[in-house]
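The block underneath contains the structure these notes are about, expressed in structure tokens.
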Amino acid sequence: MFDDRHTVLPQGTLPETDDHSVPVTRSDIGNVANLRDAQSLPRGPMGRRTRRNWYVAAAAGAILVGTGIWGLNAHLAMPERGTVPPSPPVATVALPLRENVTNRTELTGQFSSVNQVGLRAQVSGYLTEIHFHDGQIVRNGDLLFVIDPRPYEIQLQQATAQRETAAAALELADKQVARTARLNREQFATDELLDQRAQTQRAAAAAGQTAEAAIRSAQLNLEFTRIVAPFGGRVSMRRVSVGSLVTGGTSDPTALTSIVSLDPIYLDFDMSEADYVAYRHSSVGEPAEAKTTVQISLDGEQAWSRTGELNFLDNQVDRGSGTLHARATLSNPDLTIVPGQFARVRLPVSPAQPALLIPDSAQLTDQSGKTLMVVQDDGTVVPKKVEIGALEDNGMRVITRGLLPTDRVVINGLMRLRPGLKVEAHLAPLSRTTKN
């Protein structure tokens with residue numbers, strides 16, 4: 001009999017080990033902790049082989065899952081057959097504007113009043129009235145100050161009385177001369193007496209003229225007690241107060257205030273000798289009475305919104321500065337310009353000549369100079385180096401060199417372009433009123 005404890009099973013007939021392990025899911029494969037937790041794996045009679053087989057199966061599953069994800073991403077990244085390529089960017093282009101342009105030089109000028117006066121007292125007396133506010137706009141003939149007129153009214157009355165006295169004396173002298181002349185013809189009065197009466201008559205007539213002059217002087221002094229504006233303009237601040245004793249006359253009269261005219265107004269500026277020569281060359285052939293128009297720009301206003309007429313050139317160049325003084329006159333209906341204010345003035349220095357203009361915003365600036373983006377016939381963007389001139393009204397820039405009349409210049413969409421890029425060009429009309 002055999003002992004059951006020593007029973008040996010033949011090779012190849014080993015019974016299959018029951019596998020009581022828990023099924024592995026995708027989340028278990030990705031969970032590293034489950035792979036490390038060897039204690040949580042069930043073991044059968046052949047525990048080591050079961051554990052090794054589980055590791056192999058988990059690794060194979062992870063490889064298959066990674067391969068599937070990579071294949072899905074690669075499939076999504078590949079373009080589908082028949083996809084339309086993106087359209088080229090759109091750019092607005094325009095042909096340069098061709099117009100006659102006059103070259104101008106820009107100078108700095110300062111405004112001055114056409115008329116300016118300091119008001120001073122012409123008669124002495126106490127100031128009794130002031131009829132304006134400091135800085136007020138006044139018109140010609142407006143009453144400004146009143147000096148006490150009573151002393152001068154008395155003088156006028158005295159002069160009038162003197163005239164009456166002189167008139168009475170002259171009347172008496174006339175009668176005496178007539179009577180003496182009649183007696184002299186009858187030889188009852190001597191020639192000497194007649195001469196004395198004639199001399200008295202002439203003295204009375206002279207006294208009457210003196211009285212008339214005294215009356216006019218008194219009337220004038222009385223008129224001087226009322227100080228009025230000699231022209232329209234802006235009055236300065238008052239330098240005296242009511243009750244002040246002002247002194248008239250020619251020695252040291254009291255200053256009361258000052259007035260400057262505002263419309264029209266002068267703009268004074270100095271031009272260099274080279275600018276003067278260029279200006280003279282530009283005006284050759286024009287009539288002598290022709291007026292030169294200058295453009296004027298003030299701070300806070302639209303550039304070159306005002307115009308004036310050049311009406312004065314000095315007769316010599318200043319030896320110290322090498323400049324020639326000039327002056328233009330312009331209207332100031334709104335009275336916003338004041339004397340002493342600065343402005344920029346543009347003076348023409350050449351006759352009108354044809355030139356090419358583009359919007360100033362179409363140019364690009366780098367260290368080498370100015371560049372324009374030009375679109376060729378095949379839609380390729382090509383940069384072009386140019387030389388620029390003056391900036392005209394409404395933002396139009398003069399191009400002096402490097403641009404052809406047939407070039408299609410990009411005026412909108414520059415930020416999306418680069419040299420060599422293919423674009424879809426839309427041609428737009430260009431004028432001086434074009435705004436970008």
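Being a predicted model, the structure only gives us computed values, none of them experimental. No hydrogens, no waters, no symmetry mates; every other heavy atom, side chains included, goes into these values.
Using a 4.0 Å cut-off between charged nitrogen and carboxylate oxygen, Asp366 and Lys385 count as a salt-bridge pair.
Each side-chain hydrogen bond (donor to acceptor under 3.5 Å, both in side chains) pair with one or both residues in residues 419-429, not counting sequence neighbours, appears once here: Asp378-Lys422, Thr380-Lys422, Glu424-His426. Listed by first and then second residue, the ring pair (Phe, Tyr, Trp, His ring centres under 6.0 Å) pairs involving residues 97-138 are Phe132-Phe145 (not counting sequence neighbours).
You'll find the side chain of Ile358 stays beyond 4.5 Å of the side chain of Leu97, heavy atoms only. Side chains of Ile259 and Leu119 form a contact here, defined as non-hydrogen atoms less than 4.5 Å apart. Looking at heavy atoms from C-beta onward, Leu357 lies in side-chain contact with Glu99 at the 4.5 angstrom threshold. At a threshold of 4.5 Å between non-hydrogen side-chain atoms, the residues Val228 and Asp142 do not count as touching. Residues Ile227 and Val146 have side chains not in contact (no heavy-atom distance under 4.5 Å, counting atoms from C-beta outward).
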Validation: residues 395-410 side-chain donor-acceptor distances under 3.5 Å, sequence neighbours left out:
from: Arg397; atom 1: NE; to: Asp360; atom 2: OD1; distance (Å): 2.9
from: Arg397; atom 1: NH1; to: Gly389; atom 2: O; distance (Å): 2.9
from: Arg397; atom 1: NH2; to: Asp360; atom 2: OD1; distance (Å): 3.2
from: Thr400; atom 1: OG1; to: Glu387; atom 2: O; distance (Å): 3.0
from: Asp407; atom 1: OD1; to: Lys384; atom 2: NZ; distance (Å): 3.3
from: Asp407; atom 1: OD2; to: Lys384; atom 2: NZ; distance (Å): 2.5
from: Asp407; atom 1: OD2; to: Leu404; atom 2: N; distance (Å): 2.9
from: Arg408; atom 1: NE; to: Val375; atom 2: O; distance (Å): 3.4
from: Arg408; atom 1: NH2; to: Gln376; atom 2: O; distance (Å): 2.6

For residues 195-208, please give each side-chain donor-acceptor pair under 3.5 Å, one per line with the distance, not counting sequence neighbours.
from: Arg197; atom 1: NH1; to: Thr180; atom 2: OG1; distance (Å): 3.1
from: Thr200; atom 1: OG1; to: Gln196; atom 2: O; distance (Å): 3.0
from: Gln201; atom 1: NE2; to: Asp174; atom 2: OD1; distance (Å): 2.3

Side chains of residues 336-344: which donor-acceptor pairs under 3.5 Å do they make with residues two or more places apart or in other chains?
from: Thr336; atom 1: OG1; to: Arg306; atom 2: NH2; distance (Å): 3.3
from: Thr336; atom 1: OG1; to: Asp334; atom 2: OD1; distance (Å): 3.2
from: Thr336; atom 1: OG1; to: Asp334; atom 2: OD2; distance (Å): 3.3
from: Gln341; atom 1: OE1; to: Val338; atom 2: N; distance (Å): 3.4
from: Arg344; atom 1: NH1; to: Thr108; atom 2: OG1; distance (Å): 2.5
from: Arg344; atom 1: NH2; to: Glu106; atom 2: OE1; distance (Å): 3.4

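A donor and an acceptor atom, one from each side chain of Tyr276 and Thr323, are nowhere located under 3.5 Å apart. Side-chain contact, His325 with Asp268: a donor N or O sits under 3.5 Å from an acceptor N or O. Under 3.5 Å, the side chains of Thr128 and Asp148 contain no donor-acceptor pair of N or O atoms.
Annotation: side chain to side chain contact (heavy atoms under 4.5 Å, CB included) contacts of Ser244 (sequence neighbours excluded): Val240, Ser241.
Side chain of Ser124 to backbone of Gly248: a donor-acceptor contact under 3.5 angstrom is found. For the pair Arg139 (side chain) and Gly232 (backbone), a donor-acceptor distance under 3.5 Å is absent. Between the side chain of Arg327 and the backbone N or O of Leu267 there is no donor-acceptor pair closer than 3.5 Å. In this structure, the side chain of Asn332 engages the main chain of Leu262 through a donor-acceptor pair within 3.5 Å.
In terms of heavy atoms, Val381 sits closest to Met373 at CG1-SD, 3.7 Å.
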